[in-house]
Each structure stands twice: as C-alpha cells, then as structure tokens.
Amino acid sequence: GNWKKKVLNNEKGILVEFFAPWCGHCKSLAGPWADAATQLKGKMDMGALDATVHGSIAQQYGVQGYPTIKYFAPGSSEPEDYNGGRTASDIVKFAEEKFAENLPPPEVVQITNAKAIEAGCENHPLCVIAFLPHILDCQSDCRNSHIEDLQKLGDKYKKKDWGWLWTEGMAQ
C-alpha cells in the first residue's frame, strides 16, 4: 500500500534506490543519496527500498543487482533506469532534467497594466511579449489561434523559464 501511495501516485516524480543491507556499493551511495535528496527537496522525491525485504517489488521491476536506481515519472508505473554517476551532483543533474521535463507549460498572460508586466517578467531571465492584432481586425478565432501559438512556444521552451505575455496592438 505504501509503495503505491509513495511511488505510483507520486505527483513530482521519484527516484528509487533498490538496495541490499549487505551491499558495499549501496553503503557508499548512502551519503551522496542523502545529499542529493536534500538538494532536490520540493522538486523530486527520493526513496530507498530494501530489496531483500521487498523482493517481489524488486523482481517486478527487473532489479538484478544492487544498488539499482529507477526513475518513476509522475503518475507512471513504468520506470526508467538511471544509469548515471553515483555522486550527488550526477543524481541532482539527472533529477533536475526530469523535473524540468514535467513542468507545466507557462501561463500566457494578457498585459492589462504595468503590474501584469512586472509579475510576468520580474522572475524570468527573458520576457516574450507578443503584440496581437486588435480584436476588431482579427476576430476571436484568429486571436485565440495566436494565443495557442504562444502557448505551444511556451511549452517548447519551458525549461528556459521565460515569461510569456501578450497585448493587443495599439492598446499601449
């Protein structure tokens, strides 16, 4: 029950180390694993499963040696093998890339006043502002098509953490 709740219903993604208590490599991974967990707090969960106690779960995921690390994407029951390095920085780099892949696309915000520009731009390295045709020149279907294009671009470049804003031409 706990496995399902912690791993299969995880909303952030989780890295799971399958280990055996007698395994020397597992013992040497303990420090970097704990360090990585501290650095990733709030971005990705990390867990460890004693495969000698929970053999059926380890077998279900094809664990044959220790330590084996698998990444479970949010809502996924099919893990991806982690084949990276065993240092905290290697683990963190992998986890942050996975975290970025699972980010929701940024919101595309209409500029209605100076506060909207400030809120949409101040915490981003770059702010994309699109000037769309006036609603009378380009009915709602046309306008919504432009906004959908911005949303697609926002999703494509979401790892860059840009701000995405739009305003109506001549409304400045």
Side-chain angles (χ1 to χ4, degrees), residues 3-18 32-48 61-62 68-172:
W3 173 263
K4 190 173 184 181
K5 187 168 82 182
K6 297 258 188 205
V7 177
L8 303 182
N9 294 334
N10 191 292
E11 293 180 9
K12 292 185 235 170
I14 185 169
L15 274 170
V16 178
E17 174 201 4
F18 294 85
W33 191 257
D35 187 19
T38 301
Q39 292 180 52
L40 292 167
K41 195 166 184 75
K43 287 186 179 178
M44 181 170 299
D45 291 336
M46 293 179 66
Y61 295 104
T68 294
I69 300 171
K70 294 191 179 274
Y71 167 70
F72 291 81
S76 173
S77 60
E78 289 300 313
E80 175 184 330
D81 289 337
Y82 171 80
N83 296 312
R86 299 295 200 233
T87 66
S89 62
D90 289 332
I91 295 165
V92 167
K93 183 176 183 223
F94 174 86
E96 286 181 338
E97 286 173 7
K98 293 299 176 186
F99 173 77
E101 285 174 14
N102 292 306
L103 283 173
E107 185 180 1
V108 177
V109 179
Q110 181 178 7
I111 299 171
T112 53
N113 55 37
K115 283 186 176 155
I117 296 173
E118 202 175 295
C121 295
E122 69 182 343
N123 295 320
H124 301 284
L126 179 84
C127 195
V128 177
I129 300 175
F131 292 85
L132 304 185
H134 191 283
I135 194 78
L136 297 176
D137 294 331
C138 170
Q139 305 306 310
S140 61
D141 286 349
C142 171
R143 163 83 57 86
N144 290 338
S145 167
H146 287 296
I147 293 170
E148 281 176 29
D149 288 345
L150 285 173
Q151 289 168 331
K152 287 176 190 166
L153 286 169
D155 191 35
K156 180 177 180 179
Y157 295 105
K158 66 185 174 186
K159 290 182 186 179
K160 297 191 179 289
D161 189 34
W162 294 344
W164 294 84
L165 304 167
W166 68 274
T167 188
E168 190 173 74
M170 304 303 287
Q172 298 69 46

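Reckoned from all heavy atoms, side chains included, excluding hydrogens, waters and symmetry mates. Owing to the predicted nature of the structure, the values given are computational and were not obtained by experimental measurement.
Under the side-chain hydrogen bond (donor to acceptor under 3.5 Å, both in side chains) criterion, N144 pairs with no residue at all, not counting sequence neighbours.
Closest of all the heavy-atom pairs between L165 and A116 is CD2-O, 4.1 Å. Of all non-hydrogen atoms in G154 and W164, the two that sit nearest each other are CA-CE2, 3.5 Å. Contact between Y61 and S77 at its shortest, heavy atoms only, is CE2-O, 3.4 Å.
Considering only heavy atoms from C-beta on, D90 stays 4.5 Å or farther from R86 through its side chain. No side-chain heavy atom of I111 sits under 4.5 Å from any side-chain heavy atom of E168. Contact of the L15 side chain with the F94 side chain is registered, since non-hydrogen atoms from C-beta on lie closer than 4.5 Å.
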Taking distance alone, no hydrogens or angles, what donor-acceptor pairs closer than 3.5 Å link side-chain atoms of residues 117-127 to residues at least two apart or in another chain?
unit_1: H124; atom_1: ND1; unit_2: D161; atom_2: O; d: 2.8
unit_1: H124; atom_1: ND1; unit_2: D161; atom_2: OD1; d: 3.2

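In this structure, CH2 in W166 is found 13.5 Å from CG in D149, a value given to the nearest 0.5 Å. If you take CD1 on I129 and CG on L150, they are separated by 11.5 Å, rounding to the nearest 0.5 Å. In this structure, the separation between CH2 on W33 and CD1 on I69 is 4.5 Å, given to the nearest 0.5 Å. Of the inter-residue distances, the one linking Y71 atom OH with E78 atom CD reads 14.0 Å to the nearest 0.5 angstrom. Note that CD1 of I14 and CE of M44 are 9.5 Å apart. Values are rounded to the nearest 0.5 Å. The CG atom of L132 sits 12.0 Å away from the NE2 atom of H134 when rounded to the nearest 0.5 Å.
Among pairs with a residue in residues 97-109, those fulfilling salt bridge (charged side-chain N to carboxylate O under 4.0 Å, His left out) read E80-K98, K98-E101, at least two apart in sequence or across chains.
A salt bridge links D155 with K158: the closest approach of a Lys/Arg side-chain nitrogen to an acidic carboxylate oxygen falls below 4.0 angstrom.
Side-chain N or O atoms of K43 include none that pairs as donor or acceptor with a backbone N or O of F99 at under 3.5 Å. With hydrogens and angles disregarded, no donor-acceptor distance shorter than 3.5 Å links the side chain of Q151 to the backbone of V108. The backbone N or O of N83 sits nowhere less than 3.5 Å from a side-chain atom of D81 that would complete a donor-acceptor pair.
Under a cut-off of 6.0 angstrom, the local environment of OH in Y157 is sparse, with at most 12 non-hydrogen atoms contributed by other residues, nucleotides or ligands.
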